[in-house]
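What follows is a single structure, written as structure tokens, with notes after it.
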Amino acid sequence: MIDIGTAKKLAALGMALMCLYLLFMGRVQKTAVEAGRMKNVEIVVPSPSPAPVMEENSPAPVPDTGSRTEAAGEAGSLSLNVPEESSPTPALTEEDRNLDQIQETTITGGLSIKNETSYDIDLSGMLAAGSQVKLPAGEPQILIIHTHSSEAYTPAGLDRYEASDTNRTEDTDYNIVRIGDELTALFQQAGLNVIHDREIYDYPSYTGSYERSGAAVQSYLEQYPNIAVVLDIHRDALGANGVVYKTMAEESGVCASQVMLLVGTDDSGLYHPNWRSNLSLALYLQNAVSAVHPTLMRPVALVQQRYNQHLTGGSLILEVGSSGNTLQEALAAIRLFADAAAPALLALTS
């Protein structure tokens with residue numbers, strides 16, 4: 001039999017061994033966590049389809065503006081480095097949470113053009129010439145519309161929504177229409193006369209979005225022929241190899257996404273006599289905003305397709321943030337944009 005003294009010694013030894021075991025396991029777990037940690041990365045809801053990939057001929061994994069495709073005129077789908085999903089978002093599991101990651105990126109070169117066309121552009125000459133667009137006084141001057149109205153951002157904080165597809169919702173409190181609401185209010189406060197079309201043009205059918213929004217623009221122009229500027233507001237999508245990028249401006253005291261102006265041309269062969277006027281307006285606004293907020297604007301994208309921009313001489317696509325950004329980051333960005341763009345547009349009033 002074991003006496004009481006020996007029993008106490010064995011019990012003490014057992015407790016010591018247990019403590020050493022727990023300490024060892026804690027260090028192993030901590031090391032595993034440290035090894036798996038990534039800077040500037042957070043987990044987001046993954047898409048139900050395979051991880052996003054760059055276009056076949058695009059360099060990877062550099063985030064970029066991607067490309068848009070048009071078929072049957074303006075009726076094509078939008079592809080910005082991430083394929084569009086057509087099935088609803090599935091229930092999220094712990095395994096899913098590790099599939100896609102968001103990483104911050106700042107795309108520099110605000111006062112420049114990313115030229116995807118065959119045209120040579122005299123940037124300094126166009127900047128010196130200024131915008132050809134003139135806004136009428138006392139009449140509707142600006143139309144804000146959303147061809148892809150259901151585009152939404154990464155849910156965060158209290159900004160949660162019922163998804164109609166991956167990073168899409170019909171809830172206008174949380175999709176790109178909410179950004180249009182904010183810009184409309186800020187432009188109107190500055191003294192601009194704005195019409196905001198809050199219709200959903202890409203749901204339930206994504207195909208034909210540009211046909212539907214283009215018909216709406218034409219209807220507005222028939223009713224208000226002096227509308228000088230049409231802003232089609234979108235949010236971008238950037239990603240490669242399972243990583244979703246969110247654009248971030250490096251502006252002091254604010255957490256904001258970046259903004260990009262996109263200008264179409266007739267390089268695809270479609271009739272588009274207004275693209276140079278549109279480009280001059282884009283460069284005029286780009287210059288004005290970059291002077292106040294140097295890191296807010298991504299380079300102006302000049303592309304082959306036209307995206308309904310042939311309808312006026314002041315038509316632009318405005319990309320506010322990316323699918324990796326939050327709604328609040330996009331709202332902060334559009335406030336910075338309006339801060340400089342509104343007075344620049346007012347200066348064009350005649």
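All values below were derived from every heavy atom in this structure, side-chain atoms included, with hydrogens, water molecules and symmetry-related copies excluded.
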Are [Y] and [X] linked, directly or through intermediate hydrophobic residues, by side-chain heavy-atom contacts shorter than 4.5 Å (ILVMFWY only)?
X      : Y      : answer
Ile121 : Val303 : no
Val320 : Val177 : no
Ile233 : Ile317 : no
Leu296 : Val292 : no
Leu238 : Leu261 : no

With no hydrogens and no angle check, is any side-chain donor or acceptor of [X] less than 3.5 Å from a backbone partner on [Y]?
X      : Y      : value
Gln141 : Pro136 : yes
Tyr284 : Ala344 : yes
Thr106 : Met248 : yes
Thr169 : Glu162 : yes
Gln309 : Asn278 : no

Just how far is it from atom [atom1] of [X] to atom [atom2] of [Y], taken to the nearest 0.5 Å?
X      : Y      : atom1 : atom2 : answer
Leu348 : Leu135 : CG    : CG    : 6.0 Å
Tyr245 : Ile107 : OH    : CD1   : 10.5 Å
His272 : Asn274 : NE2   : CG    : 6.5 Å
Asn325 : Glu104 : CG    : CD    : 8.5 Å
Met260 : Lys114 : CE    : NZ    : 8.5 Å
Tyr174 : Leu158 : OH    : CG    : 7.5 Å

Do Val259 and Val289 pass the side-chain contact (heavy atoms from CB on, under 4.5 Å) test, and can you show the C-alpha distance, the side-chain angles, and the key distance before you say yes or no?
CA-CA 10 Å; Val259 175; Val289 176; over 6 Å; no
Which is it for Ile142 and Ile144 under the side-chain contact (heavy atoms from CB on, under 4.5 Å) test, yes or no, and what are the steps along the way?
CA-CA 7 Å; Ile142 300 170; Ile144 293 176; 4.2 Å; yes
On a heavy-atom basis, which atom in [X] and which in [Y] lie closest, and how many Å separate them?
X      : Y      : answer
Gly109 : Pro299 : O-CG, 3.1 Å
Thr117 : Gln304 : CG2-N, 3.9 Å
Ser290 : Gly110 : OG-C, 4.3 Å
Arg235 : Ile176 : N-CD1, 3.8 Å
Thr154 : Ile102 : OG1-CD1, 3.6 Å
Gly313 : Ser277 : O-OG, 2.6 Å

Under the side chain to side chain donor-acceptor pair (under 3.5 Å) test, which residues partner [X], sequence neighbours left out?
X      : answer
Asp122 : Ser124
Ser213 : Thr147, Asn308
Asp159 : Gln328
Ser315 : Thr312

For [X], check salt bridge (Lys or Arg N to Asp or Glu O under 4.0 Å) against everything at least two apart and list the hits.
X      : answer
Glu182 : Arg178, Arg335
Asp202 : Arg168
Asp181 : Arg198

Can you confirm whether [X] sits close enough to [Y] that some side-chain heavy atom of one is under 4.5 Å from a side-chain heavy atom of the other?
X      : Y      : result
Asn175 : Ile200 : yes
Leu285 : Leu345 : yes
Pro155 : Tyr161 : yes
Val263 : Ile113 : no
Glu151 : Asn167 : no

Scan side-chain atoms only and decide if His234 and Asp236 contain a donor-acceptor pair under the 3.5 Å cut-off.
no
Would you please test Leu270 and His310 for side-chain contact (heavy atoms from CB on, under 4.5 Å) and show each step?
CA-CA 9 Å; Leu270 294 176; His310 60 295; over 6 Å; no
Evaluate Phe337 against Ile179 for side-chain contact (heavy atoms from CB on, under 4.5 Å), listing each step before the verdict.
CA-CA 11 Å; Phe337 177 80; Ile179 304 301; over 6 Å; no
Do any pairs count as a ring pair (Phe, Tyr, Trp, His ring centres under 6.0 Å) and have a residue in residues 109-146, sequence neighbours left out, and if so which ones?
Tyr119-Trp275, His146-His196
Tracing side-chain contacts under 4.5 Å among Ile, Leu, Val, Met, Phe, Trp and Tyr outward from Leu143 reaches Ile145, Ile195, Tyr201, Val217, Tyr220, Leu221, Tyr224, Ile227, Val230, Leu311
Can you confirm whether or not the ring centre of His148 sits under 6.0 Å from the ring centre of Tyr206?
yes
Ignoring hydrogens and angles, write down the donor-acceptor pairs under 3.5 Å from the side chains of residues 184-193, residues two or more places apart or on other chains.
residue: Thr184; atom: OG1; partner: Gly180; partner atom: O; Å: 2.7
residue: Gln188; atom: NE2; partner: Val194; partner atom: O; Å: 3.4
residue: Asn193; atom: ND2; partner: Glu139; partner atom: O; Å: 3.3

Only counting residues at least two apart or in another chain, list the ones meeting side-chain contact (heavy atoms from CB on, under 4.5 Å) with Val254.
Glu251, Ala256, Ala332, Leu336
Which salt bridge (Lys or Arg N to Asp or Glu O under 4.0 Å) pairs, counting each pair once, include a residue from residues 265-281, with sequence neighbours left out?
none
